[in-house]
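Some notes on the structure that comes next.
These figures come from a predicted structure and were not determined experimentally. Basis for what follows: all heavy atoms, side chains included, without hydrogens, waters or symmetry-related copies. Just so we're on the same page: letters track the sequence lines, and every chain starts at 1.
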Number of protein chains: 2
Amino acid sequence: MSRTASVDDRALLASLAAVFRAQGYSGASLAALSDATGLQKASLYHRFPGGKPAMAAAVLSDVGRTFAEVLEPLTAIESPAAAVAEMARRVSSAYADGRVGCVLDTMTLEGAPTAVKDQAAGLARHWIDAMTQVAARSGADEEEAARRARSALVSIEGALVVSRVLGEPSEFDRAIEALPALLTGTTGETDRGTAR
Amino acid sequence: MSRTASVDDRALLASLAAVFRAQGYSGASLAALSDATGLQKASLYHRFPGGKPAMAAAVLSDVGRTFAEVLEPLTAIESPAAAVAEMARRVSSAYADGRVGCVLDTMTLEGAPTAVKDQAAGLARHWIDAMTQVAARSGADEEEAARRARSALVSIEGALVVSRVLGEPSEFDRAIEALPALLTGTTGETDRGTAR
DNA sequence: GTCTATAGCCCGATAGAC
DNA sequence: GTCTATCGGGCTATAGAC
């Protein structure tokens, strides 16, 4: 109805995140961020006086809130197997069933500010820690639990990369299905096929 | 000794690859490529009249030659287990023990030319095909062999991402150690711990 | 808090000397 | 085949009206 756009903070961060996720930090131009959000560049600078680095930091903080929701079942659900199954569902949803990339990957190439890379590393460590705890609850000893948690993150990030490169998200679906067995050591409906 | 630099083609492609690998396609500025190669921008345009897209294509072609060397043991060595073990050594070497990224990841974000993304997809498919064949030779049926090959690529790409994000390459070492068991189903010195 | 307009710089790319 | 110098444009960022 007018030449003024007003954008909800939540939607704004989601639009910014979509650009950073798809294009990476250096690929996310102010013009693209302006297009995605419907705000002019000057309006983005009003919201984020720190410029593009501040936008990236805000996006990662918002991703941290999303991660908190994704990981919430790991402490809220008593059964480790059920907890991991619910986390897997939320991971799949958060990554649009493998059709979008992960900021931990795309925002950590050289060219991103050190603060951004450090923030991403913190998110990754937090995710690994939460998965380590649920793996330990399922019966793994400390070292084995940490190993499983890192493997889980590896399989998720790798599946997102392979899905993007091949142009089809089926590999991500497989990684999600394998998560419960990978983290808790129990066989769900999938079998990872590494019998001795 | 002079203001003219002459650069061997092999070294030139290696220097260009290092920049694209670390910064991604859109992050790899002509200035950075000029710095890395020791050639001025105009000299790069003399070598690559197609500009930055042509440089990226040449880098991916060179990566394809490296992949051919990495995958050569898969057909040259009779024992599947020994073949995979030798491939794993070469993969580790090609990625500097996990300290560098993979162009399949960094050059396929939005912003890269479609031709570049397609070329990367072809490299990924070729790699998966070669690993599928060795998995089949080790006794897996067709479907299982393909599944193992995709999982192997997922674990390599994921480990490279996680190693970069966390700033330490130990996760890549683990993925390399797990490759033989993952592809051939035999237990080497590592156990992936998914007992039923 | 949004906009238009623009500053100043670096981008990819080219012209032309040697 | 390398270089210096430069072009036009997109980049991040800012000024100032409404």
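Applying the side-chain hydrogen bond (donor to acceptor under 3.5 Å, both in side chains) test to pairs two or more places apart or on separate chains, those with a residue in residues 73-88 of chain A are A/Glu86-A/Arg89, A/Glu86-A/Arg90.
Using a cut-off of 4.0 Å between Lys/Arg side-chain N and Asp/Glu carboxylate O, B/Asp62 and B/Arg10 are scored as not salt-bridged.
Under the rule for a side-chain contact (heavy atoms from CB on, under 4.5 Å), the partners of B/Arg21 that lie at least two apart in sequence or sit in another chain are B/Ala17, B/Ala18, B/Val100, B/Val103. For A/Phe67, the ring-ring contact (aromatic ring centres under 6.0 Å, His included) test picks out A/Trp127, with sequence neighbours left out. For B/Ala58, the side-chain contact (heavy atoms from CB on, under 4.5 Å) partners two or more places apart in sequence, or in a different chain, are B/Leu13, B/Phe48. Residues meeting the salt bridge (charged side-chain N to carboxylate O under 4.0 Å, His left out) test with A/Asp97, sequence neighbours left out: A/Arg99.
Here D/dT12 presents its C1' atom at 12 Å from CZ of A/Phe20, a figure rounded to the nearest Å. D/dT14 atom C1' lies 18 Å from atom CZ of A/Arg47, rounded to whole Å. The interatomic distance linking A/Gln23 (CD) with D/dT12 (P) rounds to 11 Å, in whole Å. When rounded to the nearest whole Å, the span between CG of B/Asp8 and C1' of D/dG1 equals 15 Å. Atom CG in B/Asp9 sits about 10 Å away from atom P in D/dG1, given to the nearest Å. Distance CD (A/Gln40) to P (D/dA13): 17 Å, rounded to an integer number of Å.
For the OP1/OP2 pair of D/dG1 and a distance below 4.0 Å, the side-chain nitrogens and oxygens of B/His46 include at least one atom meeting the criterion.
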Readout for nucleotides 11-17 of chain C: B = base within 4.0 Å of protein heavy atom, S = sugar-phosphate only, - = neither; 5' to 3' it is SSBBB--
